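Note that this is a predicted model, so its numbers are computed, not measured. First the proteins, then the strands, lettered A, B, ... as listed; each starts at 1.
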Amino acid sequence: MKIPEIDLYLIAPEIIITAFGFLVLLLDVFLPKEERKGYLGIISLIGIVVAFLFTLPQMRSVKSGFEGMFISDGYALFFKITFLIIAFLTVLISIGYTQREGIAFGEYYALILFATLGMMLMAAGTHLIIIFLGLETMSISIYILAGMMREDKRSVEAALKYFLLGAFATGFLLYGIALIYGATGSFHLKDIASYIATKNLLRSPMLLMSLVFLTIGFGFKIASVPFHMWTPDVYEGAPTSITAFMATGVKAAGFSALIRVFFSALPAFRPDWTSIMWVICVATMTLGNIVAISQTNIKRMLAYSSIAHAGYILVAFVAGNDLGTSGILFYLMAYAFMNIGAFTVVILLGKKGEENTLISDYAGIGFKYPLLAASMTIFLLSMAGIPPLGGFMAKFYVFSAAVKSKFYWLAILGVLNSAVSVYYYLRVTVLMYFRESEREITGLQFAPASVIALILTVIGTLYMGIFPANVLSLAQRSIAGLM
Amino acid sequence: MVIPSVPPELYLVLSAVLFTIGVIGALTRRNAILVFMCIEMMLNAVNITFITLSRFLQSLDGVLFAFFVMAVAAAEAAVGLAIFVMIYRSRETINVDEINLLKW
């Protein structure tokens, strides 16, 4: 019997995240009640930083381990860095928020760490079991996090909806995996690709069905139309910090697994999935932007805007060239900064019990809280794609990838959609600066950790817009060897 | 007594039928627990596919995957039932039609 190779250094970031998750759970029991609340967040932050320090040196070489089930290539590491940044910012904005809303339990931070672990496995797995287990580790943690505010009816409802639809999508994803296994006899992505190429299985009905099922399964996670129905409800009901985590982290993880599976295992079916994804992509952009216009709740508006952003990212997925794939990595990183930043402003302006989340509540805050309003403006303009902010460069790369692959209509529709989105992003800005507030917002408490997160996200958004070359060249190096 | 062997295609058909019943049930049922049971049926239908294919292809990978699916389904059931208890406490109903605070 052959003893499988075990290279623990390869999965060091994952081990550290898991260990710190358990540490937080343990300390939650042993620390006295009053003291533990702030500390647990800080311990999670330390864990994320340590995992980050172990991720960076792995950039030097591509290594695969565990019988080829797990790989640490540039692609996986870029996504891991993105997830760790997202987790770091989420924990930062959670420290003040959880205390205000009375949900500062140890499980909260532990589940964020476990969800991050699942995301990292999704990006690094080259075997369908690992990808599936990573997806479920992430999803189950998030089902619980979405319902963390047990007293709030809307939070509980969000958890129920997310759980039922997420589990339903899991069933489709699994059936897709089973059909791939039936047609090719393997779960290894590389083996699947080479088997399809050698046996010429291009018209195999089993594989075509599995393509459809995988699209459904991943489509739920990235919230693409027509699998987006849960998104607005869950994003509105869930705790705001978790909404930020879902909109950035879960979406990025969904894309990481989608690209890995489709580009490494099923490249032979590119003409087939290009035509499916083209339709999904246009529907996602258009529906997200048009419905966002009529929203009155800021969290719900950002939810529809996140659907639209999934559509923009799918433009690059359809284009499918190197520029597009590196554009997706760039986009997800930039989106992490601007979206978490926007939700940080929502948290800072909110009060216990999810108050002040209507868009009309933002009237006049430009005079009362000029710095908050200025940073919100930066995030919203970045999402709308106004230079010189991160969102503009991200959209520029994504649309130019579509042009490069001769998907002119897709690029035109994307730019038109982007123009529509300017309306509802600017509406908030106009309210903030040119309207008198109808009712006073008083008694806000600015948690220092959230303010730090706000500063970091502003810096991130500006940096990615003004100096995009650094991150983009990193993304371009990362995708080498993916296809 | 000779037991006639069932061809593997029939098992695949069985699992496809069970999966379809699960999908239809999950879409039409109104009680959250019944919806969840239909989803569990979808997962178990997939397990039948995995095990049939595993035997047909003479590789153990499929059986292995079925075990992972069972473990994940158990974790999902634990979380899901807790969510149902929570929603019953706050609403006194688990009818998914009446759980509609969040819309448009």
Report yes if the side chains of A:R150 and B:R89 come closer than 4.5 Å at any heavy-atom pair, otherwise no. no
Taking the side chain as C-beta and beyond, is there a heavy-atom pair between A:F168 and B:F36 under 4.5 Å? no
Shortest non-hydrogen separation from [X] to [Y] and the atoms involved:
{"X": "A:M206", "Y": "B:L53", "result": "CE-CD2, 4.1 Å"}
{"X": "A:L164", "Y": "B:V35", "result": "CD2-CG1, 4.0 Å"}
{"X": "A:A167", "Y": "B:E76", "result": "CB-OE1, 3.9 Å"}

When only pairs under 4.5 Å are counted, which of [options] shares the most heavy-atom pairs with chain B?
{"options": "A:E151, A:E136, A:K161", "result": "A:E136"}
{"options": "A:L133, A:L128, A:D152, A:I144", "result": "A:L133"}
{"options": "A:E157, A:R154, A:K153", "result": "A:E157"}

Tell me, for [X] versus chain A, whether the close heavy atoms (under 4.5 Å) come from the side chain, the backbone, both or neither.
{"X": "B:F19", "answer": "side chain"}
{"X": "B:V23", "answer": "both"}
{"X": "B:S54", "answer": "both"}
{"X": "B:L57", "answer": "side chain"}
{"X": "B:I39", "answer": "side chain"}
{"X": "B:L27", "answer": "side chain"}
{"X": "B:A16", "answer": "both"}
{"X": "B:S59", "answer": "both"}

Contact leader toward chain A among [options], where contacts are heavy-atom pairs under 4.5 Å:
{"options": "B:M86, B:Q58, B:E40", "answer": "B:M86"}
{"options": "B:T49, B:V79, B:L64, B:D61", "answer": "B:D61"}
{"options": "B:I94, B:I83, B:V96", "answer": "B:I83"}

Within the supplied structure, the quantity of interest is the number of heavy atoms (other residues, nucleotides, ligands) at a distance under 6.0 Å from [X] [atom1]; does it exceed 12?
{"X": "A:M229", "atom1": "CE", "value": "no"}
{"X": "B:R29", "atom1": "CZ", "value": "no"}
{"X": "B:M41", "atom1": "CE", "value": "yes"}
{"X": "A:F66", "atom1": "CZ", "value": "yes"}

Using non-hydrogen atoms and a 4.5 Å limit, figure out which bit of A:F172 sits close to chain B: side chain, backbone, both or neither. both
About how many Å separate OG1 of A:T170 and CG of B:L43, when rounded to the nearest 0.5 Å? 7.0 Å
If you check every heavy atom in residues 173-183 of chain A against those of chain B, which residues fall under 4.5 Å? A:L174, A:Y175, A:I177, A:A178, A:Y181, A:G182
Ring-plane angle category for A:F163 and B:F84, please: parallel below 30°, perpendicular beyond 60°, tilted otherwise. perpendicular
Under 6.0 Å between the ring centres of B:F65 and A:F187? yes
